[in-house]
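Heads up, the thing below is written out as structure tokens.
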Amino acid sequence: MDTKLLSKAYEFADVEDKWLRYWKENDLFRAGMEEGKASFSIVIPPPNVTGVLHVGHALNNTMQDVLTRYHRMCGDNTLWVPGTDHAGIATQNVVERHLAEEGKSRHDLGREKFIDKVWEWREEKGGTIINQLKKLGCSCDWSRERFTMDEGLSRAVREVFVRLYKEGLIYKGDYIVNWCPRCHTALSDDEVEHEETQGKLYHIRYPFADGSGHVVVATTRPETMLGDTGVAVHPEDERYTHLADVGIRLPLTNRVVPVVFDTHVQREFGTGALKVTPSHDRDDYEIGLRHSLELLKVIDDKGVMNEAAGIYAGLDRFECRRKIVADLEEQGFLEKIEDYRHAVGNCYRCKTVVEPTTSLQWFVAVKPLAAEAVAAVREERIRIYPRNWYNTFYSWMDNIRDWCISRQIWWGHRIPAWTCDGCGEMIVETRAPVVCPSCQSSRLTQDKDVLDTWFSSALWPFSTMGWPQDTKELAMFYPTSVLVTSFDILFFWVARMMMMGIHFMGEVPFRDVYLHALVRDKHGKKMSKSTGNVIDPLEVMEKYGTDAMRFTLIAFAAQGREIKLDEERIEGYRHFINKLWNAARFALMHVDEDSARQQTITAPAELALAHRWILSRTAATVKGVRRGLDEYHFNDVASANYQFIWHEFCDWYLEWIKAELFGGDEAGKKNGRRVLLVVLETILKLMHPITPFVTEEIWSVLPGERQPLMVSAFPEVQENWQDQEAEEKMSLLMGVITGIRNIRSENDVHPSATIDARVICPQKDKAAFISSFEATIADMTRLKSFQVMEEGDKPEDAATYIYNDIEIFVPLQGLVDIDAELEKLGRERKKIEAKLKQVSAKLANDKFLANAPAQVVAKETEKKQMLDANLGKIAEAETRLSNIAARK
RNA sequence: GGGCGGGUAGCUCAGUUGGGAGAGCAUCGGCCUUACAAGCCGAGGGUCACAGGUUCAAGCCCUGUUCCGCCCACCA
């Protein structure tokens, strides 16, 4: 017996370090690749290389680790691919900020040197989040760590780009895009966040060119009128049919623009007349296309008015707005200004108001790819959990627009397209061409743009496994088993992986998608630095231990619910970890090498009741835990473990077997120790995926030769451990014990005071059974004596407890608190009467008797009998108490 | 405007084919009982948002109402 490693309270810090080191040194996270085994694989949602572990990462990666450890223990070839994302704009912004501190901009360095700088930064700081994931216990195959900008992945990116281009699915076009004037780049639609903003709606008079009248247009952005090239009205709007041939003379600039008729215009909004600025508004752009309106750009890529804005050139767009409004006012064109709330698009990176602008960009024609992804989901080749995301997914995919993939930044995958300076030919190849294939000129210029970061992450499930080469990894681990991610990147990332995976691999990238919720603070608010409600997982791990945090996250992760994290709960689960620790310490005091040698339990039915019971409960728990893991019901896994370990194993089983362990006969002891050890081992295995550190530590000090816990076999449901009879018998005894304890407590009987108790049980065999456990019952309730009687005088001066058809009496020699007892009985009677009313009504109902299953009717009948009988017992008890009271 | 989720104990939430309302924390009372006071024992506490409907039977299924949250969307 060696308990010296087990201190009285679990001290996690050293233990965690020790096992991290051990797992690493023994290379236990490396993916197994044995032929003939099932395989299980996950690719990590690559965190930004600039990232620092936040609680969302902690949740996401704990879930993946739970699944990974589970499947590894099940004996599958298990691969979890880790890595980071180069995060184009985010990373560029970070490095630019560093440069700014030195008073430099990226332009001072030039493109190449700047990129060198980014790589340098990545070498120094980029590993932060990876180290934090390691600390969290993530059992990724770290030898396979990937970075979206590394050589292999970049090759995959070029390959995909070129193939899509040659298939006609990538094209370059002048189109209106979301432009961030601060980041100086185009953004995809998904990178624009719309936020309700208090703004104003300006009503402006637009005079007819012939001076015969005017029309009023409403706009939130008056400065864009400088770029107006038309006014649109609805073709069926009778107010405006006469405008067909009337030109509009724009105020301030006096340009004359046509009136066009377009059904897109909402007649009810404002005056029903819409100013059209095709260069700075997506809708207007499309109206302009339909009616061949001129494109007139008046805002440059910094958000400043350009030369086309005439006297307003050089003004910032918002300054210009004020000036324009003032001028309109002064010249009498402004009809009115209303307060108006509307959505404004902001850059998801820097929150700058996005400027829609036309520019030459690269696009992916996603419709055909999206159709394939939708088909895969409809045919359940990909399953999404929880199910309620299907509708959202379909509606998004149905309305998908072409994906703008070019970004005017420097950090990222440079677009593999070259233009010949000689003949203007466009060359798209995976490798830089030496000469132009059409004119042989060697003066070729590569496109300056880089690709959207999500382009490379869309390839992640296969690029990380060596594609475009045919690798054994792809053969064994693609498609991956499950993608675990937060729902907010379903469209950014998940949908695009589906499209790319299906298109290039001919097979879905993952079988299951598990979408988890966002972690919020305990009030359900988003965590943010400005609100100050951020829970830092690293601090939490420091304070309560990594296992406690992991368990808490898993316990909170009910499907489809937001996760409201409360530090108090983490503390609560630390207590649970400690409970497990102490239970193990207790067990270790009793098990020995001999118990470890004979682990198989061949004949459970021959064991003593408590052992049969705990084995049966263990089997049930294994079943529940496995089911929860298989169906991604993480919270069920946590609570099945919690309930079983604390309230069954510790509260009942360990207490129950103490007598046997301390004083039983040798044969019984030996059997008991064996069961104790086997159950403890099972518990450790069940808990290991969630709380890897404490379980591995305990496991390592158990007697017997053993492999590390993380590579031992996950428990199977042992059919022969299931024992309905034992469970029923135990709950009977537990009921009796609880009854006696209740009486003690209600009557303020000090725990050290030994008392007597009697039980009257009308059923002979049941009475005999209870009687055979007199010693244990007395032990568990600190009784002097305990008797079971079939019949007999009920003691007068006693407190009573009714448990089903059993009556429990504790004679208290005048110490019964009569008032309290009467009150308790009264409460009890009320409950019974209420139930009786329900049951009687049911049984009096012919329809119930006719329609309900016989089983249900029988149950109700039995229930009624029991309730009737108990009502009688309560009445008797009340009479006895009243007699005592009267005598006093 | 469309879609999704939620309203169950003081708080945070479970409740998986419809058949006697649960957990954790918090609260109250009693205990240093030799694994654990980060503990043990016991107790109180709920018209399952509201109104209808289906059913012998509804927290659960259907309809409507209401409140809260999130997502999407081209009414400037």
Side-chain angles (χ1 to χ4, degrees), chain A residues 3 6 8-10 194 201 217-221 224 232 264-270 272-277 281-287 340 342-343 386 388-389 391-392 395-396 399 487-488 490-491 517-518 520 522-524 526 544 548 555-556 558 560-562 564-566 568-569 571-590 627 631 633 635-636 639 642-643 647 650-651 654-655 658 662 738 741-746 748-752 781-782 824 827 835 838-839 842 845-853 855-857 859-860 863 867:
Chain A
T3 55
L6 290 172
K8 192 165 173 176
Y10 174 52
H194 293 273
L201 190 61
V217 298
T219 180
T220 53
R221 301 197 57 199
T224 61
H264 169 78
V265 178
Q266 308 288 315
R267 276 168 283 183
E268 313 76 40
F269 189 89
L274 168 67
K275 64 187 267 314
V276 184
T277 323
D281 185 282
R282 163 166 279 147
D283 293 339
D284 292 7
Y285 178 83
E286 284 174 3
I287 293 173
Y340 188 62
H342 62 126
N388 47 289
W389 286 100
N391 281 343
T392 311
S395 72
W396 190 79
N399 297 316
F487 68 81
D488 56 341
L490 177 60
F491 306 128
L518 299 174
R520 294 165 176 279
K522 64 175 164 182
H523 306 294
K526 229 174 190 162
Y544 303 105
F556 273 68
R561 275 253 191 182
E562 58 188 23
K564 292 185 202 167
L565 192 60
D566 181 351
E568 271 182 34
R569 296 293 300 274
E571 190 175 358
Y573 285 120
R574 178 185 58 168
H575 296 175
F576 173 57
I577 303 293
N578 195 55
K579 185 76 180 174
L580 172 61
W581 178 259
N582 276 294
R585 283 180 62 222
F586 174 76
L588 274 165
M589 290 164 57
H590 297 96
R627 186 157 119 181
E631 296 174 358
H633 285 127
N635 58 321
D636 289 349
S639 67
Y642 187 98
Q643 194 62 27
H647 299 303
C650 291
D651 287 352
L654 292 184
E655 294 304 324
K658 273 179 181 172
F662 286 115
T738 302
R741 286 173 176 170
N742 173 280
I743 292 170
R744 294 193 75 119
S745 183
E746 295 275 312
D748 285 331
V749 179
H750 194 272
S752 61
T781 53
R782 304 191 147 227
K824 186 180 83 180
R827 276 201 307 269
K835 284 182 188 172
Q838 283 181 358
V839 178
K842 273 191 191 176
N845 184 341
D846 292 338
K847 286 183 181 169
F848 172 73
L849 298 173
N851 294 325
Q855 216 183 342
V856 174
V857 176
K859 209 168 151 189
E860 294 293 314
K863 196 200 293 177
L867 290 170

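Lettering follows sequence order; numbering is per chain, from 1.
Put simply, the residue from Thr219(A), Asp283(A), Asp284(A) that forms a side-chain contact (heavy atoms from CB on, under 4.5 Å) with Leu274(A) is Asp284(A).
OP1 or OP2 of A37(B) sits under 4.0 Å from a side-chain N or O of Lys8(A). Contact check, Asn635(A) against C13(B): no side-chain N or O comes under 4.0 Å of OP1 or OP2. In this model, the phosphate group of C25(B) is not approached by any side-chain N or O of Arg569(A) to a distance below 4.0 Å at OP1 or OP2. OP1 or OP2 of G24(B) sits under 4.0 Å from a side-chain N or O of His647(A).
Of the possible polar contacts, none joining the Glu746(A) side chain to the Arg744(A) backbone as a donor-acceptor pair under 3.5 Å is found. No side-chain donor-acceptor contact under 3.5 Å links Arg569(A) to the backbone of Phe556(A). In this structure, Asn578(A) contributes its side chain and Tyr10(A) its backbone to a donor-acceptor pair below 3.5 Å.
Distance from the side chain of Asn391(A) is smallest to G3(B) among A43(B), G3(B), C56(B). Comparing C32(B), C25(B), A38(B) against the side chain of His750(A) picks out C32(B) as the nearest. Nearest to the side-chain atoms of Glu746(A) among the listed nucleotides C31(B), A43(B), C56(B) stands A43(B). Comparing C36(B), C25(B), A38(B) by their nearest atom to the side chain of Lys579(A) picks out C36(B). Of the candidates G42(B), U16(B), A35(B), U16(B) carries the atom nearest the Arg627(A) side chain, counting heavy atoms from C-beta on. Listed candidates were G29(B), C31(B), U12(B). Nearest to the side chain of Ser745(A) is G29(B). Closest contact between the side chain of Arg574(A) and the listed nucleotides A38(B), C40(B), G29(B) involves A38(B). Proximity note for Asn582(A) (side chain, C-beta onward) versus C36(B), A38(B), C56(B): the nearest is C36(B).
Using bins of under 30°, 30° to 60° and over 60° for the plane-to-plane angle, the ring pair Phe576(A)/Tyr573(A) lands in the perpendicular bin. Taking the six-membered ring where the residue is Trp, Tyr340(A) and Phe269(A) present perpendicular rings, their angle passing 60° and hence far from 30°.
Within the 4.0 angstrom heavy-atom criterion, base atoms lie near Lys658(A). Among the protein residues, Glu655(A) comes within range of the nucleic acid bases, having at least one heavy atom under 4.0 Å from a base atom. Nucleic acid contact for Asn578(A): base, since at least one base atom lies under 4.0 Å from a heavy atom of the residue. Nucleic acid contact class of Thr738(A) (heavy atoms, under 4.0 Å, all strands): sugar-phosphate only.
Note that Lys579(A) lies outside the cation-pi zone of Tyr642(A), set by a 6.0 Å cut-off to the ring centre and a 45° limit from the axis.
Of the two residues contacting RNA chain B, namely Lys835(A) and Ser639(A), the nearest-nucleotide position lying further toward the 5' end is that of Ser639(A).
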Handout entry: Contact state string [nucleotides 67-76 of chain B, B base, S sugar-phosphate only, - no protein heavy atom under 4.0 Å]
Key = -------BBB
